[in-house]
K.L.:
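Quick one: structure below, then a few questions.
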Amino acid sequence: MVPRLATVTMDVTRPWLDGLTQSQSLAVTHEGGPLLVLAGPGSGKTRVITRRICHRIAQGVPAWHILALTFTNKAAREMKARVDSLVDEGVPGRRGLVVSTFHSFSAGLLRRYGAESPAAALGGTALRPDFTIFDSDDSHSALKRAMKEIGLERSQWPVAGIASAISEAKNRLLTAADYTESTRDFRERVIAKVYVHYERSLVRQNALDFDDLLLRCARMLRNDPAVRTELQRRFTEVLVDEYQDTNHAQFTVAHAIACEHKTICVVGDPDQSIYAWRGADISNILEFEEHYPGATVIALGENFRSTGHIVALADALIRHNTQRRHKDLSTNLGEGIRPRFARLSEEIAEAKHVVAELERSRDLGVPWKEMAILYRMNALSRNLEDALRQKAIPYVIARGTAFFDRREVRDTLAYLRTIANPLDDTALARIVNVPHRGIGATSMEKLHSLATTRLCSLAEAMAGAHTCGIAKRTVKSIDGLLTVIARFRSELAVKPASNLGAFVARLVAEAGLERAAAALGSDDEDAEDRRANVQEVANAAAQYELPELSPDSPDATLGDALRGFLESVALVADADAIDPERGAVTLMSLHASKGLEYDTVAIVGIEEGLLPHTRAARSPAGLEEERRLLFVGITRCKRALHLTAAASRAMQGLRMSTIASTFLRELPPAHLDELAEEHRIEYDEAPGRRAHPFVVGMTVRSAQFGIGRVESLEGRRALLVRFRTAGVRTLYPEFAKLEIIAPA
DNA sequence: GTCGCGCCTTCGAGC
DNA sequence: AAGGCGCGAC
């Protein structure tokens, strides 16, 4: 091709090509055909995607032809903002880029095309565009009800097991009918029966669960040539981030759109695949070249994030996995400081050790927002929070869903869902007695069976409550609730979208939701918190902005705004809660840390049973995924890495001795300082910092054990006391009443 | 019939 | 540590 002058002069004004390595640049500018970027940790993966988008736009591909799929809303927002800042205002076709998560992209397609497409229908019932999205809690309730209808013994058939079997089937794109056909044994036939009922229940309620969003969308794209062609026309370029974590349904969505033009670019790292348990199919990335013959593969191994010891440590660890495709990892950021491992006596000492290490980083000038504490289980955050609070260090927990999991918040949202979708029995059943209006379990059973016999919704059954032997007084409260709901529902079609905040605030007031929330509180402070949470839902609704509508659609109504708000709430991810501007230490699960980076990182609880987790380590594949999880954690760190374990830990209410994690033996001592007893940041024996006045040799009296002598101090909080009659006991003076009888 | 308390079990990562 | 269940009180 003849070099065009324009290209040469434009180089100067192409900020998106600045500072790229040769391989990155190849990936950004690659043309013609499918591209797989195997990107090791810190190798500039996000950079490649955003800059590739900019490059394509500059090359004349209008932004509205480009679709980028990510795993979190936060990643989507950031990517879009980055592209916006890199592409000049003057560039034609720079607007209209779609960056979205798989789930919200699917929800959008289903609302737009689902009603018209027979392929999106289930069991002969067309999908309605105003469907509700059930979160796992809602699907759990619907599932339990389905199991009850069949009469399954709950003790023999744990809900969680059935739920995951159905979820797995959905990820394989099997509807209840498909699954029923494929059953091979008794267990699967029982699950199939539940699945059939559960599917029917969701259809009746005009609701989709998370898996349905992908399943229905994938089936629609696969089986409906009209919709597929329209999307292929719309999106001529597809990019997928974190490709190693896509499941079969997600693969189908991306593939259906990309298979026509084959201008697909996927980016991922098999060594960071940590979601096999929710259906992620690592063969999507390993077999990309089979799905797309002639694909170009570019490996990015150079790490621009972490210093040498950290990269070496991660590399040594991941080499223990057998199911992988090796790639060399390297960094030129120098050796850096050696990561440190410390085993502390118990989890409180561990938390304090971690906090002290963070304080050392802070003393070097590292801001709090550049620090993170990672753990395998969310339950481990508690002691860390306590330790941070004690030192008045600001912190945030990356649990985007935490707020929406609060009971009073869920109740408020259930009101909104009932108003938005009259068929949503699950939401209605939740709020029937919020605030208390004397409708109990017995009445609800009657209403449910009325709904079942009449084949109608719970709401319709409630309208006929007087016919099924429910007490007069109760019928009256039911009617009162139905009236409130109907009154609010009548506003949806006639008022404009801008009214949402006021609408929710009025509902909260008129339905008495603050009072109901306060009644849940264990004390005054808790009651006030819950009241505030309900108000916060109204605030969030007021701040909600509908995504821009297509130009030809009429003005958005209050109903559109409400449904959009509920959808945005249903699809929040934990990672969405991370706000780097908050200036706080971030606490999160190892899973949630994927894709993030911090100067200082502490990973706690590196113990057998916790990391690797007992439930995962039963299979070799599970153990390898646990190893990848630690690999992901280690590679989040730019400079100062701290690994910790506790010698004893209280779990499930019991204190147990722990065993060192298998993974520790796989970390070479050359790249890991194991802090010896005397070098640990030790609180236990620090003079003057004991939590009690006792010293060795004192004579003490306990109400329970009588008189004894202090034998030794066990850490900062505990004593070993030899009693005259009761033998040697470990006591915590903060709990056990002990008085000093004689000094040492 | 509804409500509140205490006992019992169970305990992973998340869109 | 938190939710599900059964029992007794109103």
Side-chain angles (χ1 to χ4, degrees), chain A residues 69-76 100-107 133-137 139-141 144 154-155 158-160 163-164 167 170-171 208-215 242 245-247 249-250 273-280 374-383 398-402 404-405 407 432-433 436-446 469-474 477 519-520 522 567-577 588-594 605 609-618 622 625-626 628-630 632-633 650-654:
Chain A
L69 293 165
T70 62
F71 269 75
T72 65
N73 300 303
K74 181 174 163 275
S100 179
T101 66
F102 273 102
H103 283 89
S104 56
F105 180 68
S106 299
I133 298 172
F134 274 6
D135 67 21
S136 2
D137 223 67
S139 18
H140 217 76
S141 329
K144 273 200 271 191
R154 283 277 292 283
S155 54
V159 190
S164 71
S167 171
K170 288 187 175 188
N171 287 331
L208 304 192
D209 67 19
F210 288 137
D211 297 320
D212 282 335
L213 292 173
L214 303 174
L215 164 97
E242 307 282 9
D245 284 324
T246 50
N247 62 32
Q250 290 164 323
S273 158
I274 53 174
Y275 283 102
W277 53 272
R278 67 173 203 214
L374 313 179
Y375 34 75
R376 178 64 175 83
M377 278 195 309
N378 285 309
L380 293 192
S381 71
R382 212 182 190 103
N383 296 306
R399 279 218 80 192
T401 54
F404 300 101
D405 285 341
R407 182 158 162 198
V432 125
N433 213 20
H436 285 308
R437 41 172 85 82
I439 308 169
T442 318
S443 300
M444 284 310 286
E445 273 320 306
K446 287 179 183 163
I470 288 176
K472 239 190 179 143
R473 238 180 66 184
T474 314
S477 12
L520 295 171
S522 52
E567 174 169 320
S568 74
V569 165
L571 297 180
V572 283
D574 283 354
D576 296 337
M588 71 193 126
S589 69
L590 284 160
H591 281 93
S593 75
K594 189 178 72 162
L610 212 50
L611 187 63
H613 195 277
T614 333
R615 312 248 325 230
R618 287 181 192 154
E625 180 148 313
E626 294 293 297
R628 289 194 293 269
L629 202 47
L630 180 55
V632 166
M651 297 264 285
Q652 302 171 214
L654 278 173

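Throughout, protein chains are lettered first and strands after them, A, B, ... in sequence-line order, and every chain is numbered starting at 1.
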K.L.:
What I'd like to find out is whether the side chain of A/L590 reaches to under 4.5 Å of the side chain of A/L611, using heavy atoms alone.
P.N.:
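A/L590 reaches A/L611 side chain to side chain.
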
K.L.:
Please report, rounded to the nearest Å, how far the P atom of C/dA2 is from the CG atom of A/D137.
P.N.:
16 Å

K.L.:
Is there side-chain contact between A/D212 and A/K170, with at least one heavy-atom pair below 4.5 Å?
P.N.:
yes

K.L.:
Ignoring backbone atoms, test whether A/R278 places a side-chain nitrogen or oxygen under 4.0 Å from the OP1 or OP2 oxygen of B/dG14.
P.N.:
no

K.L.:
Please state how far atom CD in A/E242 lies from atom P in B/dA13, giving the value in whole angstrom units.
P.N.:
19 Å

K.L.:
Could you state the NZ-P distance from A/K170 to B/dG14, rounded to the nearest angstrom?
P.N.:
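Rounding to the nearest Å, NZ of A/K170 and P of B/dG14 are 21 Å apart.
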
K.L.:
For A/A441, report the nucleic acid contact type (base, sugar-phosphate, nothing); a contact means any heavy atom under 4.0 Å.
P.N.:
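The residue A/A441 makes sugar-phosphate contact but no base contact.
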
K.L.:
Is the distance from the ring center of A/H591 to that of A/Y275 below 6.0 Å?
P.N.:
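Yes.
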
K.L.:
Quick one: A/F404 CZ to B/dG14 C1', roughly how many Å, whole number?
P.N.:
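Computing the A/F404:CZ to B/dG14:C1' distance gives 16 Å.
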
K.L.:
Whole angstrom is fine here: how far is it from CZ in A/R376 over to P in B/dA13?
P.N.:
7 Å

K.L.:
Could you please name the option among B/dG1, B/dC15, B/dG12 that lies closest to any side-chain atom of A/A616?
P.N.:
B/dG12

K.L.:
In whole Å, what is the span from the CZ atom of A/F210 to the C1' atom of B/dG14?
P.N.:
8 Å

K.L.:
Taking A/E445 for its side chain and A/T442 for its backbone only, find out whether a donor-acceptor pair lies under 3.5 Å.
P.N.:
no

K.L.:
Quick one: does A/S106's side chain have a donor or acceptor within less than 3.5 Å of a partner on A/F102's backbone?
P.N.:
yes

K.L.:
Consider the side chain of A/R615, meaning its heavy atoms from C-beta on, and name the nucleotide among B/dG14, B/dG1, B/dC11 that approaches it most closely.
P.N.:
B/dC11

K.L.:
Would you please confirm or rule out a distance under 4.0 Å between OP1 or OP2 of B/dG14 and any side-chain N or O of A/N378?
P.N.:
yes

K.L.:
State, yes or no, whether a side-chain contact exists between A/R376 and A/L629 at a heavy-atom distance under 4.5 Å.
P.N.:
yes

K.L.:
Can you find a donor-acceptor pair, distance only, under 3.5 Å between A/E445 side chain and B/dG1 base?
P.N.:
no

K.L.:
Looking at A/K594, I'd like to know whether one of its side-chain N or O atoms comes within less than 4.0 Å of OP1 or OP2 on B/dG14.
P.N.:
no

K.L.:
Looking at A/S139 and A/D209, would you say the former's side chain and the latter's main chain have a donor-acceptor pair under 3.5 Å?
P.N.:
no

K.L.:
Minimum heavy-atom separation for A/S593 to A/M588, with atom names?
P.N.:
CA-SD, 3.7 Å

K.L.:
Would you say A/S589 reaches B/dG14's phosphate, i.e. side-chain N/O to OP1/OP2 under 4.0 Å?
P.N.:
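For B/dG14, OP1 or OP2 has a side-chain N or O of A/S589 closer than 4.0 Å.
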
K.L.:
So if I take every side-chain heavy atom of A/H103 and compare against B/dG14, C/dG4, B/dC15, which nucleotide ends up nearest?
P.N.:
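Of the options given, the side chain of A/H103 lies nearest B/dC15.
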
K.L.:
Between atom CG in A/L590 and atom C1' in B/dA13, what is the gap in whole Å?
P.N.:
9 Å

K.L.:
Of the listed nucleotides (C/dA1, B/dG1, B/dG12), which one gets closest to any side-chain atom of A/H613?
P.N.:
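Of C/dA1, B/dG1, B/dG12, B/dG12 is nearest to the side chain of A/H613.
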
K.L.:
Establish, with yes or no, whether the OP1 or OP2 oxygen of B/dT2 is under 4.0 angstrom from a side-chain nitrogen or oxygen of A/T442.
P.N.:
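Checking B/dT2 against A/T442, a side-chain N or O does come within under 4.0 Å of OP1 or OP2.
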
K.L.:
If you assign each of A/L571 and A/M444 to its closest nucleotide in DNA chain B, which residue comes earlier from the 5' end?
P.N.:
A/M444

K.L.:
I'd like a table of atom pairs between the protein and nucleotides 3-8 of chain B - only N or O on both sides, under 3.5 Å - with the distance next to each one.
P.N.:
| residue | atom | partner | partner atom | Å |
| --- | --- | --- | --- | --- |
| B/dC3 | OP2 | A/N433 | ND2 | 3.0 |

K.L.:
Is there aromatic stacking of A/W277 on B/dA13 here, judged by a ring-centre distance under 5.5 Å and a plane angle under 30°?
P.N.:
yes

K.L.:
Could you tell me whether A/E625 contacts a base, only the sugar-phosphate backbone, or nothing, with contacts defined as non-hydrogen atoms closer than 4.0 Å?
P.N.:
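The residue A/E625 makes no contact with any strand.
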
K.L.:
State which of B/dT2, B/dC15, B/dG14 makes the closest approach to the side chain of A/A592.
P.N.:
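Per side-chain heavy atoms of A/A592, the pick is B/dG14.
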
K.L.:
Once you round it to whole Å, what is the distance between P of C/dG3 and CG of A/L520?
P.N.:
12 Å

K.L.:
Less than 4.0 angstrom between a side-chain N/O of A/S443 and OP1 or OP2 of B/dT2, yes or no?
P.N.:
yes

K.L.:
Quick one: does any side-chain atom of A/D135 pair with a main-chain N or O of A/A570 as donor and acceptor, under 3.5 Å?
P.N.:
no

